[in-house]
2 protein chains.
Amino acid sequence: MLREDVTDAIRAAVFEELASVGFARMSIEGIARRAGVGKTAVYRRWKSKLALVLDLVSAVASQGLPAPATGSLYGDVRAVLELAAYALRHPVASQVIPDLLVEAARNPEISDAIKAALLDQQQGVAAVVVREAVARGELPGGSDPDRALDLIVGPLYWRLAVVRGDLPKGYLDDLAASAVAALRQH
Amino acid sequence: MLREDVTDAIRAAVFEELASVGFARMSIEGIARRAGVGKTAVYRRWKSKLALVLDLVSAVASQGLPAPATGSLYGDVRAVLELAAYALRHPVASQVIPDLLVEAARNPEISDAIKAALLDQQQGVAAVVVREAVARGELPGGSDPDRALDLIVGPLYWRLAVVRGDLPKGYLDDLAASAVAALRQH
DNA sequence: TTGCGACGATACGGTTGCGTTCCGTCGACA
DNA sequence: TGTCGACGGAACGCAACCGTATCGTCGCAA
């Protein structure tokens, strides 16, 4: 019976509120205000701020993350970086993701949700990329997928989400080549 | 005339409060409570929560960060990683640093302070390490220090502060070798 | 036409933190 | 011994938000 357009407006408002003030400062009153909706409409759907955010994050998680299959380690790494850079340059995501990651350090429920929505997805992709590279003979057997993820995504995350620097043309290519060199090391 | 022991108690309380609830949720009342001090004592010293934190961060910045000079690129990189890992494994710092970095994305004053206290320091160290490696012939001329910092610190930050995974024995050695391989690439 | 359910709006009491003011205490110094 | 200034503590009015309740409105289906 709940009107879907209202639900969508609330969901959108949560993302905007999350991006502009962060989870800690976010209020249900603020969400309702931004969505042009009564508080009642929000409480009719979710019982708390936490439930609301967990619901949104879980929705993202269920989308799944496609594993690249370009036929080469460099190509796969480059594809992962492309996707990650796209997300981290998005104005909303680049605020929301680090914010929720920090919040996750204090709240196990958020931690679990974020892990399922982002980290597990990425680790899955990394595992596939590594496995295929090993099968191709591009990497030695027993290569650690977690280490691979550190080396591939770490530098990009550092630059875009931590230092918040720019991304010069060709930098992703360079990063991919660097990551491959690092992965091959030893 | 202000009593120094009170000032110290407040400073310590700010760090603890910052670590346990984060900047956004931190309140002056909470700080005073934790320090066992009246609100008056806090307001007598700083005019706002922001001023308080900026003062602490600036104090950290003025300490300076020693640049390693081990005589080899691998040694320097390993030393940088050791120091960074020490900081990021510290229970207080590992909460406070990511928290303030996120806050910096929304507040230019915090951004400037954090940049001066952490990022500029690290970039300075990276610049020295790269310059000396170039002089030694270990890296080609024109190597970008910012890129070097991404490749050295990025993977470690990702693992310790983002994924919040553990740090297996020997991982820093491996990371240093991987970073050197990445830096040498191209 | 009537009834129902979701809607936006408004108000409620309660809690928390803000920044300020005032109090009585206590220690240092003259 | 008296003065002075920082102290902890308590209270202030104000603002925001909590979660709930109660309005009247509106659209739809019987």
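Quick caveat: nothing in here was measured; it's all calculated off a predicted structure. All values below come from the heavy atoms of this structure, side chains included, with hydrogens, waters and symmetry mates left out.
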Along DNA chain D (nearest heavy atom to each residue), the more 5'-positioned of B:Val6 and B:Glu29: B:Val6

Between B:Gly38 and A:Ser27, just flag the one whose closest nucleotide in DNA chain D comes earlier from the 5' side. B:Gly38

Between [atom2] on [N] and [atom1] on [X], what's the gap in Å once rounded to a whole number?
| X | N | atom1 | atom2 | result |
| --- | --- | --- | --- | --- |
| A:Lys39 | D:dA21 | NZ | C1' | 11 Å |
| B:Asp8 | D:dC7 | CG | P | 12 Å |
| A:Ile10 | C:dC7 | CD1 | P | 7 Å |
| B:Tyr43 | C:dG17 | OH | C1' | 8 Å |
| B:Lys47 | C:dT20 | NZ | C1' | 16 Å |
| B:Arg45 | D:dG5 | CZ | P | 16 Å |
| B:Glu4 | D:dC7 | CD | P | 11 Å |
| B:Arg33 | C:dG17 | CZ | C1' | 9 Å |

Look at all strands and tell whether A:Gly30 reaches a base, only sugar-phosphate, or nothing, counting heavy atoms closer than 4.0 Å. nothing

Remember a base hit wins even if backbone is also touched, and classify B:Ser48 as base, sugar-phosphate or nothing at under 4.0 Å, heavy atoms. nothing

Sorted by first residue and then second, give each salt bridge (Lys or Arg N to Asp or Glu O under 4.0 Å) pair with at least one member in residues 146-158 of chain A; sequence neighbours left out. A:Arg147-B:Asp174, A:Asp150-B:Arg159

B:Ser20 and B:Arg34 side chains, donor-acceptor separation under 3.5 Å: yes

Can you tell me how far apart CG (B:Asp99) and CG (A:Leu101) are? Round to the nearest 0.5 Å. 12.5 Å

Taking the inter-plane angle between the rings of A:Tyr157 and B:Tyr157 on a 0 to 90° scale, is it parallel (under 30°), tilted (30 to 60°) or perpendicular (over 60°)? parallel

